[in-house]
Trainee: 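Quick one: structure below, then a few questions.
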Amino acid sequence: MTFPAALKRFCVQACFSLLVLLGFCSSSSGTIRYEVSLAHPEQHLFHVTMTIPDVSGEVNVQMPAWNALYQIRDFSDRVQQVAAFAGSERAPIEKMDKQTWTIRGNGTIKIQYAIYWDEVGPFASQLNLEHAFINPAMILMYVPGRRLENVNLGIPNPPEGWRAESGAGVSFESMGRARKFFFDAANYDALSDAPIEVGKFEEFQLTGFKPEIWVVIHGDNWKRKKVEEDLKRICQYELKLMDGAPFERYTFILHIGKGSGGGGMEHAESTAIGVPSDENLPGVAAHEFFHLWNVKRIRPATLEPVDYAKEQYTRALWFAEGVTNTYGAYTLVRSGIWSKEQFYADLGAQITELENRPANRWQSAEQSSLDAWLEKYPLYNQPEYSVSYYAKGQVLGDLLDILIRDRTENEKSLDDVLRAMNSEFAKRGKTYRDSLDVRLTAEKVAGGSFEDFFGKYVSGVEPFPYQQVLSLAGLELRITERQRPTLWFTAARDAAGMLVVQSVTADGPAELADLRVGDTILVWNGGEVPRRTDRWLREQKPRDLLKLWIGREGKKVSLEFRLGEIKETFYGVTEDGHAGEKARHIREGLLHGVTRGGAVH
């Protein structure tokens, strides 16, 4: 996956049906109605009116504490000017805690407030002169006891020339200059799972797909032919792999260009993706599109029902996210976007990531999943304190796939496990029991126990048997050591795409130069900040001078220091030229998605 490992994310599962109508006649189907004004977008304030019918005595409303990322972000800190009305009269309103308000009154209650957002998606919301991107759970309050009621969202009088699109079909009607967008959803959770793009965007349909797949693009650093070809290859392969579409209409909402951030967020009928250029798109898109099945429909029981108010713990992210990474890589190589050498290089990079983190020796894949909520803390993200369930899960997926193929003489694979879970759980509206049902399904497909494998490598922390398992697929793991430069600090992109210092090596040159945690790096050696500092480092030498301009407390500060040097172990995956026939067939199965007999599913 191409997005930073710190961007771990999640959004609610719901059977979702969304209708967008542009015209004058407001939908009457919404029990609880929202109106969101985009007036004065330069102020970055969404002005929200929430209408709640059938109130008897009092009603509580809450602002979600989290959404999209596995982080408590307390969106209520952006809320201002909260007022309530019963009819034309003001209603008593009292804030009860950081995210809850109580309003006293009867009949229909209206709540008005403004909320500030100007952060790039897909993990945030934004309103500016160029467009609006709305993650509904980040701007809309809800009634805790009435989340199952249908809802309606209206956007009146958007800026001239702006259109709207979300995760389902859209039709347009207008009369004169008055315009309004309407969004109807089955309930609050469904609306929360449908990000909305409003603005002057490019839009086109991917040809040859039924149901329809649409692409909406806000940005400038892309070419339609490349975007269209890459997305078509990805969608064609994954839809065939999983026996057809689970959606009625699907939308890619893409933000492409400088300052668009990096990463993607899955939704039941759409995805929102932010990348700096179309070159970065395939890796993210392959991952997010596969989430249509794995996590949005093949869903762990520990993530249901959604609790917007506090952390929601699960041991299944190694499978929900990590094995989705496995299939992101499979999709790219099997669809021809990647060469097999790129696939091997990616697998080697994931193993290198794991083995160079001391925490890999003590933090299991399940514990890494459970601890996802700690990722907003810089110390936790250090190699000594955590390992990525993306990387660990991806490698586990590859190893498990090889073992299934080996045990079944390459007649079955991990593909069959995903399809079986889709049939057994997703299509029946059932959730699965974290790692247990993954293991039981794999055992059913392979015809033998995987209890030892899951005990040692999923819930346990024994070293992965790389050489032993890879050899079953005619592959070798080659280990090399080399000296490389180091920055003396770590940094990660925030929701706005800015590079922010996460940690600084104690008593190192960066700390002695006064670099601090929380500094935002603005200028790097007199130019733009590199998108991938690890790639930049590969072209440098130890003791090269690094000059930075950083933002701190509203001021710009310059500092400089010399790069350090560390010894690092690198792992590479290559083909074994002496592999036997069975191993070669398994290797071809991994690369092309085939089983014995050469049939592609």
Side-chain angles (χ1 to χ4, degrees), residues 10-18 147-148 150 167-168 185-194 209-211 213 235 237-250 266-271 287-307 312-324 326-327 330-331 366 369 393 397 400-401 404 408 412-451 454 458 593 595 601:
F10 163 76
C11 196
V12 300
Q13 165 71 17
C15 287
F16 175 62
S17 175
L18 179 65
R147 267 173 48 191
L148 296 180
N150 55 347
N187 50 55
Y188 181 86
D189 291 359
L191 185 62
S192 296
D193 198 24
F209 291 95
K210 293 291 182 182
I213 299 176
C235 296
Y237 176 73
E238 294 187 2
L239 288 169
K240 184 176 182 180
L241 172 72
M242 296 304 292
D243 295 326
F247 54 84
E248 295 183 2
R249 185 182 190 272
Y250 189 83
E266 71 274 3
H267 301 280
E269 306 286 335
S270 65
T271 182
H287 180 103
E288 300 309 327
F289 196 70
F290 196 74
H291 268 315
L292 273 171
W293 297 276
N294 197 21
V295 98
K296 294 310 297 180
R297 290 167 175 85
I298 304 171
R299 191 158 180 79
T302 42
L303 293 181
E304 287 293 332
V306 174
D307 188 336
Q312 199 154 3
Y313 297 101
T314 178
R315 288 179 168 85
L317 296 183
W318 72 270
F319 182 76
E321 294 290 356
V323 172
T324 297
T326 304
Y327 276 89
Y330 279 171
T331 295
E366 288 190 335
S369 304
L400 185 59
D401 193 6
I404 293 171
T408 64
K412 299 291 183 180
S413 70
L414 190 62
D415 300 353
D416 295 290
V417 174
L418 269 297
R419 287 192 289 265
M421 293 190 72
N422 192 43
S423 297
E424 177 65 26
F425 298 101
K427 291 183 178 180
R428 297 184 182 184
K430 295 166 52 181
T431 55
Y432 68 88
R433 297 168 292 177
D434 285 14
S435 300
L436 175 60
D437 280 323
V438 178
R439 175 173 68 83
L440 293 177
T441 306
E443 290 175 346
K444 186 176 180 180
V445 166
S449 175
F450 277 109
E451 188 170 358
F454 275 69
V458 176
T595 50
H601 180 83

Trainee: My understanding is that only residues two or more places apart in sequence, or in another chain, count here; which of them pass salt bridge (charged side-chain N to carboxylate O under 4.0 Å, His left out) with Glu451?
Mentor: none
Trainee: Would you mind reporting whether His291 and Thr271 have side-chain heavy atoms less than 4.5 Å apart?
Mentor: no
Trainee: Does any part of the side chain of Arg147, heavy atoms only, come nearer than 4.5 Å to the side chain of Asn187, both counted from C-beta?
Mentor: no
Trainee: Using the side chain to side chain donor-acceptor pair (under 3.5 Å) criterion, which residues pair with Ser369? Sequence neighbours excluded.
Mentor: none
Trainee: Using the side chain to side chain contact (heavy atoms under 4.5 Å, CB included) criterion, which residues pair with Leu436? Sequence neighbours excluded.
Mentor: Arg433, Arg439, Leu440
Trainee: Do Ile404 and Val445 make a side-chain contact, defined as non-hydrogen atoms from C-beta onward lying under 4.5 Å apart?
Mentor: yes
Trainee: State, yes or no, whether a side-chain contact exists between Lys412 and Thr595 at a heavy-atom distance under 4.5 Å.
Mentor: no
Trainee: Could you pull out all residues at least two apart from Lys427 that satisfy side chain to side chain donor-acceptor pair (under 3.5 Å)?
Mentor: none
Trainee: Going by the rule ring-ring contact (aromatic ring centres under 6.0 Å, His included), which residues pair with Phe425 if we only count those two or more places apart in sequence or in a different chain?
Mentor: none
Trainee: With sequence neighbours excluded, what pairs up with Thr314 under the side chain to side chain contact (heavy atoms under 4.5 Å, CB included) test?
Mentor: Pro300, Thr302, Leu303, Ala316, Leu317, Asp434
Trainee: Would you please name every residue forming a side chain to side chain donor-acceptor pair (under 3.5 Å) with Thr441, sequence neighbours left out?
Mentor: none
Trainee: Run the numbers on Glu424 and Lys430 for salt bridge (Lys or Arg N to Asp or Glu O under 4.0 Å), then give the verdict.
Mentor: CA-CA 8 Å; Glu424 177 65 26; Lys430 295 166 52 181; 3.0 Å; yes
Trainee: With side chain to side chain contact (heavy atoms under 4.5 Å, CB included) as the test, would you mind laying out the steps for Trp293 and Thr324 before giving the verdict?
Mentor: CA-CA 9 Å; Trp293 297 276; Thr324 297; over 6 Å; no
Trainee: Given side chains that start at C-beta, do those of Tyr327 and Leu414 come closer than 4.5 Å, heavy atoms only?
Mentor: yes
Trainee: Report the C-alpha distance between Glu321 and His287 in whole Å, list the side-chain angles of each, state the deciding distance to 0.1 Å, and finish with yes or no for side chain to side chain donor-acceptor pair (under 3.5 Å).
Mentor: CA-CA 9 Å; Glu321 294 290 356; His287 180 103; 3.1 Å; yes
Trainee: With sequence neighbours excluded, tell me which residues meet side chain to side chain contact (heavy atoms under 4.5 Å, CB included) with Lys444.
Mentor: none
Trainee: Run the side chain to side chain donor-acceptor pair (under 3.5 Å) test against Tyr330 and tell me which residues pass, sequence neighbours left out.
Mentor: Asp398, Asp401
Trainee: Is there a side-chain contact between Val458 and Phe450 in this structure, where contact means two heavy atoms from C-beta onward sitting under 4.5 Å apart?
Mentor: no
Trainee: Are Phe289 and Ile213 packed together at the side-chain level, in the sense that at least one heavy-atom pair is separated by less than 4.5 angstrom?
Mentor: yes
Trainee: Is any side-chain heavy atom of Glu266 less than 4.5 Å from a side-chain heavy atom of Leu292?
Mentor: no
